[in-house]
Amino acid sequence: MKSLVVFYSLEEHTKSIANIVAKELNGDLLELKPEKEIPKNGFKKFLWGGKSAVFKDRPKLQNEIPDLDSYDTIIIGTPIWAGTYTPAINTFISDNKIKGKKLGFFACHGGGGAKKCFEKLRGILSENTILGTIDFADAEEDEEKIKKVNNWISNFIIK
Ligand SMILES: Cc1cc2nc3c(=O)[nH]c(=O)nc-3n(C[C@H](O)[C@H](O)[C@H](O)COP(=O)(O)O)c2cc1C
C-alpha cells in the first residue's frame, strides 16, 4: 500500500519538508490549494490567516482529492497559524473520512504552537494510529531539517 503526503503551504517552508518526506517514503504528494488564497504580503497575511484559523474556516479547495482507500499511510503537514493547523487542512480532515489509517503529522512554525496543534489533530483523527509527529522552526538550518525528517521516517519502518 502507498503513502500520501498531504500538505498546505503559503510560503514554501511546509512544502520543502513535504517534498523530503514524500521522497523518503516514495509516496504521493497532495498540495492543498484553497480556491481563494489569503494575501501573501504584509500584515494582512497574519490578520486574515490568523482569523481564518481561529474561526476554524473550511475554505473550498481547488483540489480533486484522490481515493484515500488506496493509501494506508497519510502524512499531514501544516504551517502553524495562530497556534493551530491551517484552514485548508481543516477542510481536508473535515470533508474526508479518515479512519483506520497510519498517520503522521508535521508542522512548520516561527517558534511554537506545534504541540497544541498535534494534540488537536490527534483528538479529531482518533480513529487512526498515529505514527509520530515532528515540527520545524523556520530558523533551523535546511541540513538539520533534512536530518530530522530522515530520522523521523526511519522510526516508522513503513517504507
Ligand atoms: C497567518 C499566520 C499565522 C501564524 N501564526 C503562527 C503561530 O501562531 N506560531 C508560530 O510559531 N508561527 C506562526 N506563523 C509562522 C508560520 O507558521 C511559519 O512561518 C511557517 O513555517 C510557514 O509555513 P509555510 O512557509 O509553509 O507557509 C504564522 C504565519 C502566518 C502566515
Side-chain angles (χ1 to χ4, degrees), residues 3-25 27 29-63 65 73-96 98 101-153 155-156:
S3 304
L4 178 67
V5 181
V6 186
F7 70 100
Y8 166 80
S9 184
L10 183 68
E11 294 172 299
E12 311 256 310
H13 293 88
T14 314
K15 186 173 187 161
S16 69
I17 302 291
N19 284 331
I20 307 168
V21 173
K23 196 170 158 224
E24 280 300 303
L25 289 174
L29 271 170
L30 174 62
E31 178 172 11
L32 301 177
K33 290 274 183 193
E35 281 187 358
K36 214 176 148 208
E37 190 54 280
I38 66 158
K40 270 197 185 182
N41 300 320
F43 190 66
K44 267 193 183 167
K45 170 175 80 176
F46 294 102
L47 200 66
W48 286 110
K51 182 173 138 302
S52 179
V54 167
F55 284 96
K56 298 189 166 60
D57 283 354
R58 288 192 219 164
K60 226 173 181 298
L61 302 176
Q62 296 174 25
N63 307 82
I65 305 299
T73 302
I74 302 178
I75 310 295
I76 298 175
T78 182
I80 300 295
W81 281 7
T84 190
Y85 49 85
T86 40
I89 295 293
N90 194 29
T91 304
F92 177 75
I93 60 177
S94 305
D95 288 0
N96 295 286
I98 304 171
K101 306 284 182 197
K102 293 185 230 169
L103 301 182
F105 306 135
F106 70 89
C108 295
H109 56 81
K115 198 165 170 250
K116 267 238 162 82
C117 167
F118 295 150
E119 274 168 21
K120 284 185 199 164
L121 287 172
R122 276 179 192 276
I124 293 162
L125 297 164
S126 60
E127 292 178 300
N128 301 273
T129 304
I130 310 303
L131 296 168
T133 63
I134 192 167
D135 66 286
F136 303 86
D138 292 351
E140 284 177 62
E141 298 287 340
D142 286 349
E143 259 178 46
E144 180 59 24
K145 288 180 181 174
I146 293 168
K147 252 196 235 161
K148 275 172 69 173
V149 173
N150 290 341
N151 281 337
W152 190 56
I153 302 284
N155 288 334
F156 291 178

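Because the structure is predicted, anything quoted here is derived from the model rather than measured. For this chain, numbers begin at 1 and follow the sequence in order. Hydrogens, waters and symmetry mates play no part in the numbers below; they use all other heavy atoms, side chains included.
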Just by modelled atom types, is the Ile98 backbone N or O under 3.5 Å from a matching donor or acceptor in the Asn128 side chain? yes
When you compare the side chain of Thr84 with that of Lys116, does any pair of heavy atoms fall below 4.5 Å? no
Just how far is it from atom CZ of Phe7 to atom CG of Leu29, taken to the nearest 0.5 Å? 5.5 Å
Asp135 versus Ala114, closest heavy-atom pair with distance: CB-CB, 3.5 Å
Does anything in residues 4-16 pair up under salt bridge (Lys or Arg N to Asp or Glu O under 4.0 Å), and if so which pairs, sequence neighbours excluded? Glu11-Lys45, Lys15-Glu31
Determine whether the aromatic ring centres of Phe136 and Trp152 lie less than 6.0 Å apart. no
Would you call Tyr85 and Ile93 a side-chain contact if the rule is heavy atoms closer than 4.5 Å? yes
As an exercise, state the distance from CD1 of Ile134 to CG of Asn151, rounded to the nearest 0.5 Å. 7.5 Å
In this structure, CG of Leu4 is separated from CG of Leu103 (nearest 0.5 Å) by 10.5 Å
Check whether Asn90 reaches the backbone of Asp57 with its side chain - one donor and one acceptor, N or O, closer than 3.5 Å. yes
I want to check something: taking the side chain as every heavy atom from C-beta on, are Phe92 and Thr78 in contact at a cut-off of under 4.5 Å? no
Of the non-hydrogen atoms in Ala88 and Pro59, which two are nearest, and what is the gap between them? N-CG, 3.9 Å
Rounded to the nearest 0.5 Å, how far does CD1 of Ile20 lie from CD1 of Ile146? 4.5 Å
Looking only at heavy atoms, what is the nearest atom pair of Gly110 and Asp138, with distance? CA-OD2, 3.9 Å
Is the Phe118 ring parallel, tilted or perpendicular to the Phe105 ring (thresholds 30°, 60°)? parallel
Please report the interatomic distance NZ(Lys60) to CG(Asp95), rounded to the nearest 0.5 Å. 9.0 Å
Looking only at atom types and distance, does a side-chain atom of Thr14 sit under 3.5 Å from a main-chain N or O of Cys108, one as donor and one as acceptor? no
Within-4.5 Å side-chain heavy-atom neighbours: Leu32 and Thr91: no
Test your reading of the model: is there a side-chain donor-acceptor pair from Glu35 to the backbone of Gln62, 3.5 Å cut-off? no
Once you round to the nearest 0.5 Å, how far does CD1 of Ile124 lie from CD1 of Ile89? 11.5 Å
Quick one: closest heavy-atom pair of Ile38 and Gly49, and the distance? CD1-CA, 3.7 Å
When every non-hydrogen atom of Pro79 is compared with those of Ser9, the smallest separation belongs to CG-CA, 4.3 Å
From the list Lys148, Lys145, Lys147, side-chain hydrogen bond (donor to acceptor under 3.5 Å, both in side chains) partner of Glu140 resolves to Lys148
Do Leu10 and Trp81 have side chains that get closer than 4.5 Å, going by heavy atoms? yes
